[in-house]
Amino acid sequence: MDVPLPLVPAKILTAPTTITQFPDYPKTLILEQCKTIKDLNQIHAHLIKTRLIHNPRVAENLLESAAILIPNLPMDYPISIFEKLEEPNSACYNLMIRAFTLKQSPNEAILLFNEMCGRSVRPDEFTFPCILKACSRLHALMEGEQIHALIMKYGLGSKGFGSNGFVLNALIGMYASCGEVEVARHLFDGMSERSVGTWNSIFSGYIRSGCWEEVVGFFREMLEMEVGFDEVTLVCVLTACGRLNEIELGEWIHEYVVAKGLKGNPTLVTSLVGMYAKCGRVDTARRLFDEMPRRDVVAWTTMISGYSQANRHREALELFHEMQKTNIVPNEVTMVSILSSCAVLGALETGKWVHSYVMKKRMKLTVTLGTSLMDLYLKCGSVGNAIEVFRKMPSKNVFSWTVLIQGLANNGQGKRAIQFFNSMVEKKITPNNVTFTGVLCACSHAGLVDEGRGFFVSMTREFGIEPEIEQYGCMVDILGRAGLIEEAYQFINNMPIQPNAVIWRTLLASCRVHKKVEIAEESLKNVVKLEPMHSGDYILLSDIYASVGRLEDALRLRNQMKERVIKETPGCSVIEMNGIIHEFFSEDNIHPDLVEVYNATENMMEKIKLAGYVPNTTGARLDAEEDDKESSMSHHSEKLAIAFGLIRTSPGTTIRITKNLRVCMDCHNATKIISNVFNREIVVRDRNRFHHFKDGSCSCNDYW
DNA sequence: CTAGGGTTAG
């Protein structure tokens with residue numbers, strides 16, 4: 001161990017090298033001059049040759065370069081250095097542990113820590129923060145607790161401050177991010193002295209375990225007690241504000257940041273952008289974003305995801321295109337945001353482009369990215385592609401399975417969805433509430449009433465999950481669609497929780513399918529109490545009246561809507577072509593190729609009439625004349641979009657439409673015939689589900 | 001030691 005610190009030998013001084021300045025001792029040489037892997041190779045070789053590597057200080061420095069300082073260096077390199085060390089000391093272990101955690105391999109960090117203890121290298125006050133961080137990342141409470149015990153054994157857990165403070169802070173952070181908020185709080189309360197770092201540790205832990213209220217509450221406490229805080233604190237609090245819609249506090253912090261001249265901190269400003277976006281102030285967020293002098297990937301991604309989460313998907317895509325004009329490289333998190341926007345918009349082409357981009361850039365198919373890709377394909381009606389992604393994903397979680405199950409259900413493959421649910425359970429992946437929403441949805445779409453009842457029961461009995469309003473809604477849907485309207489009504493009345501508007505709306509919709517006037521009237525009454533301005537509900541009942549010939553009642557309801565100034569949501573259908581998203585509205589008068597579209601629509605309607613199409617005008621405006629009705633029906637947004645698709649794509653291409661409302665009876669009927677006459681597959685995604693039209697029939701079996 | 005961005009549900 002007693003290798004002396006040497007002078008730098010003459011050989012390196014004269015050799016051609018990228019190192020321009022030669023310091024006279026290794027620390028400077030290795031840590032400050034070593035910027036690339038090439039430098040590192042050279043120095044490593046030299047240190048081995050001169051046996052300097054066996055000087056612990058030298059080894060530490062070299063490892064620090066390899067593991068921490070040179071960005072984007074894979075871990076293989078520091079590992080190979082580390083493995084050649086004869087007796088690595090605790091500092092070397094510390095560096096390796098830190099590096100593993102930094103490079104997202106906390107598992108390896110823990111393994112190394114165990115190895116370290118096994119080889120009787122005593123961990124020190126620098127080791128513990130590193131390893132505890134790894135535990136935090138992994139939510140590895142058991143390891144964390146063992147480490148806590150070790151800390152006490154080595155006497156580092158005293159309540160004093162100084163370097164012990166780091167250890168205690170890290171311990172607090174570990175407990176908080178493992179969900180042991182109480183323990184963290186207990187440790188925190190027991191500390192005689194707290195630094196800003198202590199507060200920040202508990203904040204970051206709380207954030208990682210989703211305890212947003214605590215962060216805001218503690219911060220208010222800090223303000224009251226006039227405890228000093230720093231920029232890290234503010235970032236934590238802003239994150240919490242975003243989740244809790246705490247716009248006032250967020251704005252207060254914004255003012256503080258401006259007043260103290262902290263706008264130069266990009267992380268802080270990015271947090272402000274995120275806070276505003278999550279609180280629904282997307283435009284304020286954008287203004288701040290535009291003001292930022294330097295924007296990195298995270299800043300761009302924050303803004304893009306801000307748009308997606310605010311349902312402003314087109315702006316999300318536009319901003320992404322703008323991002324591509326810069327030299328900032330998107331990463332998989334960016335892709336996830338973009339994909340979710342593509343999925344909502346039904347922009348399959350753009351989504352596929354994202355997929356190929358992901359493959360080209362060899363981005364890691366992380367669980368989240370894979371799941372987003374699956375979601376895209378499923379929401380665009382491409383079941384095959386989704387399953388392909390699913391099979392290729394190296395690891396999957398509940399999200400992935402849930403997305404698949406729900407997606408299959410929506411695409412009319414209820415039985416297949418249930419098969420996947422069963423294999424998920426076999427693989428010991430624990431389903432959650434949302435998973436059951438998917439499974440029950442599958443039962444509903446496949447008309448499997450008894451199976452649905454069974455899953456609903458097993459949810460509580462076997463999995464211990466209390467059903468929430470969504471799952472009750474699914475049951476209402478299952479019963480209602482199968483025509484068991486009275487039973488569904490009873491079910492609602494016996495629910496242990498208050499029914500919401502969605503529940504009554506679901507029942508109302510099944511009343512339309514089965515023409516149950518009384519319960520429909522009752523349902524509407526209840527919906528209106530909860531959500532009086534939702535036009536679709538009035539229209540549903542009005543349609544029911546019309547379908548049983550009670551036109552006056554239907555008209556009365558429409559007038560009631562007018563009196564209450566409830567606007568009908570205009571139908572809107574979207575079709576994507578060459579990456580451009582074309583939006584059509586019912587009775588469209590804004591699309592640039594208007595004349596062409598209307599001509600094409602008329603042609604299309606003529607052709608299908610010859611094939612036996614008869615307009616069904618029960619769903620049309622009731623105050624219109626019969627002729628007007630027919631023409632207004634033929635100008636429904638999806639007919640315009642389909643006609644546009646027919647003339648603008650080559651024969652045989654699948655036409656994909658995304659619609660904001662439910663497909664009406666007439667459009668559904670017309671589209672079936674169109675698929676036959678024009679020999680096209682047409683995939684329509686409506687508000688609730690997919691319709692795959694092919695050879696004159698639809699995947700939903702006319703049951704929607 | 002402590003800091004910002006991401007996926008499912010009607």
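First the proteins, then the strands, lettered A, B, ... as listed; each starts at 1.
Remark: the A:Asn265 side chain and the B:dA3 base include a donor-acceptor N/O pair separated by less than 3.5 Å.
Look at CZ on A:Arg98: it is 9 Å from P on B:dT2, rounded to the nearest Å. Here the P atom of nucleotide B:dG5 and the CG atom of A:Asn331 are 13 Å apart, to the nearest Å. Atom CD in A:Glu531 sits about 15 Å away from atom P in B:dG10, given to the nearest Å. With rounding to whole Å, A:Leu408 atom CG is found 14 Å from B:dA9 atom P. If you measure from atom NZ of A:Lys396 to atom P of B:dT8, you get 19 Å, rounded to the nearest angstrom. Nucleotide B:dG5 holds its C1' atom 13 Å from the CG atom of A:Leu319, rounded to whole Å. Note: CZ (A:Phe399) to P (B:dT7) measures 8 Å, nearest angstrom. Rounding to whole angstrom units, CG of residue A:Leu171 and P of B:dT2 are separated by 13 Å.
A side-chain contact (heavy atoms from CB on, under 4.5 Å) with A:Val354 is found for exactly one of A:Thr334, A:Ile338, A:Leu317, namely A:Ile338. Among A:Phe456, A:Phe421, A:Tyr472, the one residue that satisfies the ring-ring contact (aromatic ring centres under 6.0 Å, His included) test with A:Phe436 is A:Phe421. Partner A:Asp537 forms a salt bridge (charged side-chain N to carboxylate O under 4.0 Å, His left out) with one of A:Lys529, A:Arg512, A:Arg505 and no other, that one being A:Arg505.
In this structure, the nucleotide among B:dA3, B:dG6, B:dT8 sitting nearest to the side chain of A:Ser305 is B:dG6. Set against B:dG5, B:dC1, B:dT2, the side chain of A:Phe166 has B:dC1 as its closest nucleotide. Out of B:dG5, B:dA3, B:dG6, the shortest distance to the side chain of A:Thr267 is found at B:dA3. Here the side chain of A:Ser372 is nearest to one of B:dC1, B:dT7, B:dG4, namely B:dT7. Of the listed nucleotides (B:dT8, B:dG4, B:dG10), B:dT8 has the atom at the smallest distance from the side chain of A:Val403. Between B:dT2, B:dG4, B:dG6, one nucleotide has an atom nearer to the side chain of A:Lys278 than all others, and that is B:dG6. Looking at the side chain of A:Ser201, the nearest of the listed nucleotides B:dA3, B:dT2, B:dG5 is B:dT2. Among the nucleotides B:dG5, B:dG10, B:dG4, the one closest to the side chain of A:Val235 is B:dG4. Across B:dT8, B:dG6, B:dG4, the shortest atom-to-atom separation from the side chain of A:Thr368 is found for B:dG6. Picking from B:dG4, B:dT7, B:dC1 the nucleotide with the shortest atom distance to the side chain of A:Val298 gives B:dG4.
For A:Arg208, no side-chain nitrogen or oxygen approaches OP1 or OP2 of B:dT2 to under 4.0 Å. At least one side-chain nitrogen or oxygen of A:Ser204 sits closer than 4.0 Å to the OP1 or OP2 atom of B:dA3.
Within the nucleic acid shown, A:Ser271 comes within 4.0 Å of sugar-phosphate atoms alone, with no base atom in reach, counting heavy atoms only. Using a 4.0 Å heavy-atom criterion, one finds that A:Glu468 contacts no nucleic acid atom at all. Contacts of A:Arg243 with the nucleic acid, taken as non-hydrogen atoms under 4.0 Å apart, involve only primed sugar atoms and P, OP1 or OP2.
Between A:Lys278 and A:Gln309, the shortest heavy-atom contact is CE-OE1, 3.6 Å.
Classified by interplanar angle (parallel below 30°, tilted 30° to 60°, perpendicular above 60°), the ring pair A:Phe188/A:Phe218 is tilted.
Less than 6.0 angstrom separates the ring centroid of A:Phe229 from the ring centroid of A:Tyr256.
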